[in-house]
Amino acid sequence: MKIIVTESYEEMSKKTADIIEEELLANDNIVLGLATGSTPIGTYNELIRRHLEGILDFSNAKSFNLDEYIGLSAEDVNSYNYFMKDKLFDHINLPNENAHVPDGLTDDPENYGDSYDKLIKESGGIDLQILGIGANGHIAFNEPAEELRYTTGPVVLTEQTIEDNSRFFESKDLVPTSAVTMGMGSIMKAKRILLLANGLGKADAIAQLLNSKKITTFLPASLLLLHSDATLICDKEAFSQVNIEDMAGELA
Ligand code: F6R
């Protein structure tokens with residue numbers, strides 16, 4: 001895993017947008033894998049700015065989001081479908097039909113997940129996957145556990161994730177307890193992966209990822225150490241508990 005440590009959240013967001021720009025300019029048919037949450041918002045703002053300045057054209061691009069809460073409609077302000085429209089899609093020229101976010105209202109999430117994976121495959125696979133990391137090391141909604149999903153489908157959220165994500169909801173009781181998520185296999189098939197992390201809240205997960213020198217399903221992000229083109233881009237706060245001498249990875 002390559003590692004880029006930045007001075008600030010802004011620099012992390014710009015570096016990420018620089019890589020997306022480089023890949024999009026090289027391939028206007030790019031298939032992007034996108035994440036929700038607080039982490040990528042600065043990157044999305046940068047992409048919007050560059051699009052409005054005429055630098056970035058998404059008209060031939062496609063995107064697939066990682067996950068959605070089960071039970072929330074695309075119109076629900078807490079849904080990831082809504083988040084993506086609000087934070088990115090409404091402000092760039094990615095055609096609606098090319099922007100895919102899992103449907104939280106599916107009545108058969110297992111089969112739905114299979115068709116989502118099939119659609120990714122038919123689109124040529126994900127060229128560049130953007131990921132955030134949970135404080136517990138989760139990736140998408142693949143929560144620490146003895147076994148992780150390989151394919152896309154339903155998962156039950158952990159107490160910590162429900163607690164962490166309750167900041168977006170009026171109360172904790174309103175946070176859905178399950179989600180449809182891309183599985184670890186679906187994520188690992190991406191040709192290139194950018195894992196983003198910022199702030200002290202992620203410092204422990206990043207330290208575990210880089211210092212334990214172990215792959216474990218109890219830290220789902222650690223599977224990314226096996227990917228041939230994964231880069232961690234994190235600010236210095238998220239990196240602050242890493243012991244550089246014991247580090248798995250290559251500091252850029
Ligand atoms: C979001 C997702 C999650 C988040 C993670 C970090 O689509 O899949 O894994 O990336 O929970 O969330 P934030 O960025 O809000 O700290």
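Start at 1 and go down the list; that is how both ligands and their atoms are numbered. Everything numeric in this text was worked out from a predicted model, so none of it was measured.
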Would you check if there is a donor-acceptor pair between the side chains of Thr217 and Glu147 at a distance under 3.5 Å? no
Tell me the contacting part of [X] for ligand 1: side chain, backbone, both, or neither, using a 4.0 Å heavy-atom threshold, strictly below.
X: Met182; answer: neither
X: Leu131; answer: neither
X: Thr36; answer: both
X: Thr39; answer: both

Provide the number and element of each atom of ligand 1 under 4.0 Å from a heavy atom of [X].
X: Lys202; value: 6 (C), 13 (P), 16 (O)
X: Ser38; value: 13 (P), 14 (O), 15 (O)
X: Gly37; value: 14 (O), 15 (O)
X: Gly132; value: 10 (O)
X: Leu66; value: 8 (O)

Hey, is Arg167 one of the residues with a heavy atom under 4.0 angstrom from ligand 1? yes
Using only atom types and a distance under 3.5 Å, with no angle test, would you say the side chain of Thr231 pairs donor to acceptor with the backbone of Lys2? no
Under the 3.5 angstrom rule, does the side chain of His91 hit a backbone N or O of Asp86 as a donor-acceptor pair? yes
Tell me, please, whether Phe83 has Lys87 positioned over its six-membered ring: NZ or CZ under 6.0 Å from the ring centre and within 45 degrees of its axis? yes
Could you find the nearest protein heavy atom to atom 11 (O) of ligand 1 and give me its residue, atom name and distance? His138 NE2, 2.7 Å
protein heavy-atom neighbour closest to atom 6 (C) of ligand 1 works out as Ile133 O, 3.3 Å
Geometric class of the Tyr116/Phe64 ring pair [parallel <30°, tilted 30-60°, perpendicular >60°]: perpendicular
Aromatic ring pairing Tyr69/Phe169, orientation class (parallel under 30°, perpendicular over 60°, tilted between): perpendicular
Salt bridge or not for Asp18 and Arg50, using N-O below 4.0 Å? yes
Salt bridge check: are Lys15 and Glu10 linked by an N-O gap of less than 4.0 Å? no
From the list Asn65, Asn142, Asp67, Ile120, side-chain contact (heavy atoms from CB on, under 4.5 Å) with Met182 holds only for Ile120
When you compare ligand 1 with [X], is there at least one nitrogen or oxygen pair between them that comes in under 3.5 angstrom?
X: Asn165; answer: no
X: Ala140; answer: yes
X: Tyr80; answer: no

Assess whether side chain to side chain donor-acceptor pair (under 3.5 Å) is satisfied between Asp28 and Asn60, documenting all intermediate values. CA-CA 6 Å; Asp28 67 339; Asn60 291 320; 2.9 Å; yes
Relative to atom 2 (C) of ligand 1, which among Asp67, Ile41, Thr161 owns the nearest non-hydrogen atom? Asp67
